[in-house]
Amino acid sequence: MGKNRTTSSGLHPHCEKCHNQNCKVPVDIPTSCIFISCHLKCGAAFHLCKVEEHGLLCPKEIVPCLNSGYGCPMTMTRQRLAQHLEVCPASVITCTLEWNRWPVNETDTTFYRNALQDPNCTSQLDLAMALRDQKLLFSSIQMKTLFPELIEKMEEPEVPLDGAVGGVDPERCKSQNLNPEEMLEISLNGEEVQELTQEERLALAKSKDVACLENYGMWERMFAKEKEGCKQTVKNLEDTSCQTKDKEDPKVTPQNSNDAEIARTGLAPWQDGVLDRLRKEVNVAEYNMYLVHNGCMLINFGQLAACTPKEKDFVYGNLEPIEVQTIRSFNVPISFRAKRSHLKDPSQMVKKTDQNVDTSDLGIAIEELPKANEVETTLLCCLERELKGHQISETVGTDGLYVDFGTQTYDFHSAPFKSDASLADVVADQPQNLHVQIQTECVTRRHNKSCSAFTYLCCHAFRRDEYPWHFRNVHGDIQSCLTGWFLQRCPLAYLGCTFSQKQFRPSKYRATISYDTDLSTFILQPKVAASLYKGVKTVSSERKRARNLDSLSRLPFEILQHIVSFLDSMSLGRLSQVSQLMREVCSTVVQQKGMVSLKWEKKTYSHGGFTWRARKKAWEFSSLFSPVDKWVFEDMPPMAEHLKVCPFYQKEIRSEPVALPSMTDVQERRGKFQTLHV
């Protein structure tokens with residue numbers, strides 16, 4: 001009986017090279033096998049030994065989603081993988097649109113002050129969005145980075161003086177088997193000795209062993225190099241001593257003469273005069289390459305100086321040494337002479353003196369100086385830190401030694417600040433005010449961003465099939481058209497009028513656009529007819545028994561499933577937070593309308609290292625409302641009707657007659673102007 005011969009791929013010799021769908025080769029166990037068709041009816045025919053290989057390519061094979069590692073639980077045939085990616089719940093896209101806001105000018109505060117006093121200020125889209133952006137901005141600004149000199153100084157704990165050795169109790173040393181030095185160090189550091197468990201001891205010993213092994217390997221390699229250098233130095237000293245003895249001994253052998261000749265003609269780094277011989281024998285490029293590769297050895301053997309000698313160093317005139325402790329303590333040397341480019345006509349030069357100027361020169365006590373506003377000053381300092389902006393205390397170098405610098409100090413009512421305080425914490429107890437403009441400018445990262453504006457990101461996550469509608473409706477239709485088109489304000493808003501009206505609504509149903517501060521995005525609120533509220537009773541939110549459920553919750557579970565199938569993602573997310581029952585109902589459609597993402601957590605080990613790992617897979621609904629394909633004008637009165645009653649519209653009635661230009665004397669006007677008419 002023949003032996004079954006197979007290739008390295010596990011296939012028969014004939015089957016490996018056979019690609020004929022109508023193969024008629026007879027079955028021969030050592031070289032070929034039976035010819036079959038795919039059991040899933042995909043239309044492929046192949047040899048029996050290629051079943052596993054075909055399973056990797058069969059379009060009708062049941063396989064998991066490509067995003068199964070990211071949380072998608074779907075399984076499907078391979079031919080539907082590409083189609084499924086468009087609606088895959090794990091295929092999540094984060095919106096990266098950004099926009100800029102300018103700070104409010106000091107002359108435009110009338111409108112913003114009146115707008116915040118309006119009880120319906122949150123219903124104004126641009127104002128609500130600006131307040132959200134300002135809240136994020138204030139939370140991101142840390143006072144410690146801008147005003148480190150105004151941070152509270154932490155009081156150091158006092159070291160107890162009780163005890164025999166620097167505040168250390170001798171009885172405690174004996175009970176814990178510690179020497180006085182160890183106990184003193186623990187007392188100074190404010191640490192207490194705690195008894196470790198056996199597992200903690202093993203983990204600590206293991207981490208220390210790993211750290212010690214790593215340090216040992218690093219130091220071992222370093223000491224090995226030093227050891228080789230010492231050996232070569234000893235050898236060089238021995239050769240030098242031998243040459244000294246040979247000079248004292250007048251008897252010279254042929255072997256000694258050959259060694260001396262090699263030392264005078266060789267190119268090794270330890271041979272005398274090697275650099276002089278290289279300058280004569282090789283070009284500059286090869287000479288520099290030799291210094292690069294053998295620089296350390298040349299320094300060790302004394303062929304090359306480790307640093308430039310003092311007598312060969314470049315001296316800038318007779319510059320005296322100056323100890324520079326800080327950048328503010330540097331003084332211009334007396335021996336310095338300015339460059340010719342800074343010298344003007346000596347006869348016209350004004351005599352100048354160097355003098356430090358401070359607020360004490362004003363003759364006003366420090367307590368009487370006006371306090372700075374925390375928000376305005378902080379925002380100004382943030383914009384000052386931009387790379388292309390002009391700094392208040394800008395340092396300008398005019399020469400090699402001349403530097404013009406200025407310092408600016410601030411004094412606030414709320415100073416000093418806590419070490420972890422942000423601007424939002426500082427103004428938490430102050431009345432709300434708006435310090436950024438309600439108008440936005442969309443500038444991408446591909447353009448040079450203005451240095452006096454703050455940048456914000458959308459950062460909302462959506463499924464791949466939801467993202468186009470989010471970008472079109474939220475950013476394209478609403479946000480970019482807020483100023484003057486989607487939201488129409490009174491023409492006298494610059495005087496302080498806060499009247500506004502929304503001009504558009506969806507074409508298929510009646511709904512109004514509002515801004516949700518919890519979701520930080522725009523949402524659609526349908527307008528329900530008043531007739532539908534007849535007979536509806538308000539139910540208390542405290543439901544302790546099933547019979548107290550509202551009329552919607554009393555419906556069968558299947559009916560509720562059918563109802564939620566018509567809701568958008570934003571409505572499903574809100575409905576899932578109403579009750580446990582509604583949460584269970586919404587979970588039935590979470591795979592079709594929700595999205596899944598990995599929640600990461602930071603794990604810190606005992607030796608100080610850390611890693612990030614996926615803690616769990618979280619399912620959630622996005623903030624997308626029902627897609628709007630077309631917008632229509634809302635049925636509302638024009639802005640002219642508001643101007644009739646606008647309190648900022650002041651009419652100026654003229655009762656005295658005013659002469660028109662054509663009523664003046666023509667002859668007088670001709671005398672005033674020169675013409676070519678004769």
Side-chain angles (χ1 to χ4, degrees), residues 67 72 74 82-99 123 125-126 128-129 132 440 442 457-483 485-488 502-529 532 560-578 582 585-597 619-636:
N67 293 324
C72 182
M74 305 292 185
Q83 183 181 0
H84 165 72
L85 286 179
E86 298 180 359
V87 294
C88 178
S91 183
V92 180
I93 299 178
T94 302
C95 183
T96 58
L97 183 78
E98 63 178 9
W99 58 91
S123 62
L125 303 180
D126 51 359
M129 187 178 178
R132 172 260 183 189
T440 61
C442 289
L457 286 172
C458 178
C459 289
H460 285 284
F462 301 92
R463 288 159 45 120
R464 187 173 295 274
D465 58 334
E466 295 178 342
Y467 177 73
W469 285 110
H470 161 75
F471 194 90
R472 175 181 173 180
N473 292 149
V474 174
H475 299 305
D477 296 341
I478 302 176
Q479 182 176 345
S480 62
C481 301
L482 276 181
T483 306
W485 185 237
F486 201 97
L487 183 71
Q488 188 180 18
K502 303 166 188 176
Q503 296 192 103
F504 295 96
R505 65 171 180 84
S507 60
K508 296 181 180 179
Y509 50 90
R510 304 190 69 85
T512 179
I513 296 292
S514 61
Y515 190 84
D516 193 309
T517 55
D518 297 331
L519 299 177
S520 298
T521 186
F522 296 99
I523 60 174
L524 267 181
Q525 290 183 339
K527 292 182 178 180
V528 183
L532 298 178
L560 294 176
Q561 283 183 301
H562 182 71
I563 293 175
V564 299
S565 63
F566 296 96
L567 299 180
D568 52 35
S569 298
M570 190 270 298
S571 302
L572 288 171
R574 291 297 184 87
L575 183 62
S576 63
Q577 301 176 7
V578 172
M582 293 303 169
V585 173
C586 294
S587 64
T588 59
V589 295
V590 70
Q591 294 186 3
Q592 291 77 25
K593 295 190 175 184
M595 57 184 181
V596 60
S597 58
W619 287 86
E620 57 185 346
F621 294 100
S622 66
S623 59
L624 181 75
F625 54 79
S626 299
V628 179
D629 188 42
K630 184 180 179 181
W631 301 87
V632 295
F633 280 98
E634 188 73 56
D635 186 11
M636 60 176 56

Do Gln591 and Met74 come within less than 4.5 Å of each other through their side chains, counting heavy atoms only? yes
Within a strict 4.5 Å, meaning less than it, do heavy atoms of the Ile513 and Leu524 side chains meet? yes
Hey, is the main chain of Asp629 close enough, under 3.5 Å, to the side chain of Arg472 for a donor-acceptor pair? yes
Rounded at 0.5 Å granularity, tell me how far CD1 in Ile523 sits from OG1 in Thr512. 9.5 Å
Indicate yes or no: at least one non-hydrogen side-chain atom of Ser520 is less than 4.5 angstrom from one of His460. yes
Heavy-atom pair of closest approach, residues Met582 and Leu575: CB-O, 3.3 Å
Taking atom NZ of Lys527 as the centre, report whether more than 12 heavy atoms of other residues, nucleotides or ligands fall under 6.0 Å from it. yes
Is it the case that atom CD in Gln83 sees more than 12 heavy atoms from other parts of the structure closer than 6.0 Å? no
Heavy-atom distance under 4.5 Å between the side chains of Pro89 and Arg463, does that happen here? yes
Quick one: does Phe462's side chain get under 4.5 Å of Ile93's, heavy atoms only? no
Would you call the rings of Phe566 and His562 parallel, tilted or perpendicular if under 30° counts as parallel and over 60° as perpendicular? perpendicular
Hey, are the side chains of Ser622 and Met595 touching, using non-hydrogen atoms and a 4.5 Å cut-off? yes
Between Val589 and Gln561, does the side-chain contact (heavy atoms from CB on, under 4.5 Å) criterion hold? Intermediate values first, please. CA-CA 8 Å; Val589 295; Gln561 283 183 301; over 6 Å; no
Heavy-atom side-chain contact between Cys95 and His475 under 4.5 Å: yes
Verify the neighbour count for atom CZ of Arg132: are there more than 12 heavy atoms of other residues, nucleotides or ligands below 6.0 Å? yes
Identify which one of Leu125, Asp477, Asn473 satisfies the side chain to side chain contact (heavy atoms under 4.5 Å, CB included) criterion when paired with Phe522. Leu125
Phe504 and Cys481: CA distance, side-chain angles, deciding distance, side-chain contact (heavy atoms from CB on, under 4.5 Å) verdict: CA-CA 11 Å; Phe504 295 96; Cys481 301; over 6 Å; no
Report, as yes or no, whether the 6.0 Å neighbourhood of atom CZ on Phe486 holds more than 12 heavy atoms from other residues, nucleotides or ligands. yes
Could you work out, with side chain to side chain donor-acceptor pair (under 3.5 Å) as the rule, every residue matching Ser597, not counting sequence neighbours? none
Working to the nearest 0.5 angstrom, can you tell me the gap between Cys88 SG and Asn67 CG? 4.5 Å
For Lys508, does its backbone N or O pair with a side-chain atom of Lys630 as donor and acceptor, under 3.5 Å? no
How far does CE of Met636 sit from CD of Gln503, to the nearest 0.5 angstrom? 7.0 Å
Pairwise distance CD(Gln592) to CG(Leu572) - rounded to 0.5 angstrom: 11.0 Å
Go through the structure and list residues passing side chain to side chain donor-acceptor pair (under 3.5 Å) with Thr440, not counting sequence neighbours. none
Over all heavy atoms of both residues, which pair between Lys593 and Val564 is shortest? Give the atoms and the distance, please. NZ-O, 3.9 Å
Report the C-alpha distance between Phe625 and Ser571 in whole Å, list the side-chain angles of each, state the deciding distance to 0.1 Å, and finish with yes or no for side-chain contact (heavy atoms from CB on, under 4.5 Å). CA-CA 7 Å; Phe625 54 79; Ser571 302; over 6 Å; no
With side-chain hydrogen bond (donor to acceptor under 3.5 Å, both in side chains) as the test, pick out the partner of Ser569 among Glu620, Glu466, His470. Glu466
Relative to each other, are the rings of Phe633 and Trp485 parallel, tilted or perpendicular (30° and 60° limits)? perpendicular
Do the side chains of Trp631 and Ser507 get nearer than 4.5 Å, heavy atoms only? no
Identify the heavy atoms of Trp99 and Cys458 that sit nearest to each other, and give their distance. CZ3-N, 3.8 Å
Quick one: closest heavy-atom pair of Ala511 and Pro526, and the distance? CB-CA, 3.8 Å
So which atom in Cys586 and which in Phe621 form the shortest heavy-atom distance, rounded to 0.1 Å? O-CZ, 3.6 Å
Ser480: what forms a side-chain contact (heavy atoms from CB on, under 4.5 Å) with it, not counting sequence neighbours? none
Please give me the minimum heavy-atom distance between Pro506 and Val632, naming the atom from each residue. O-CG2, 4.0 Å
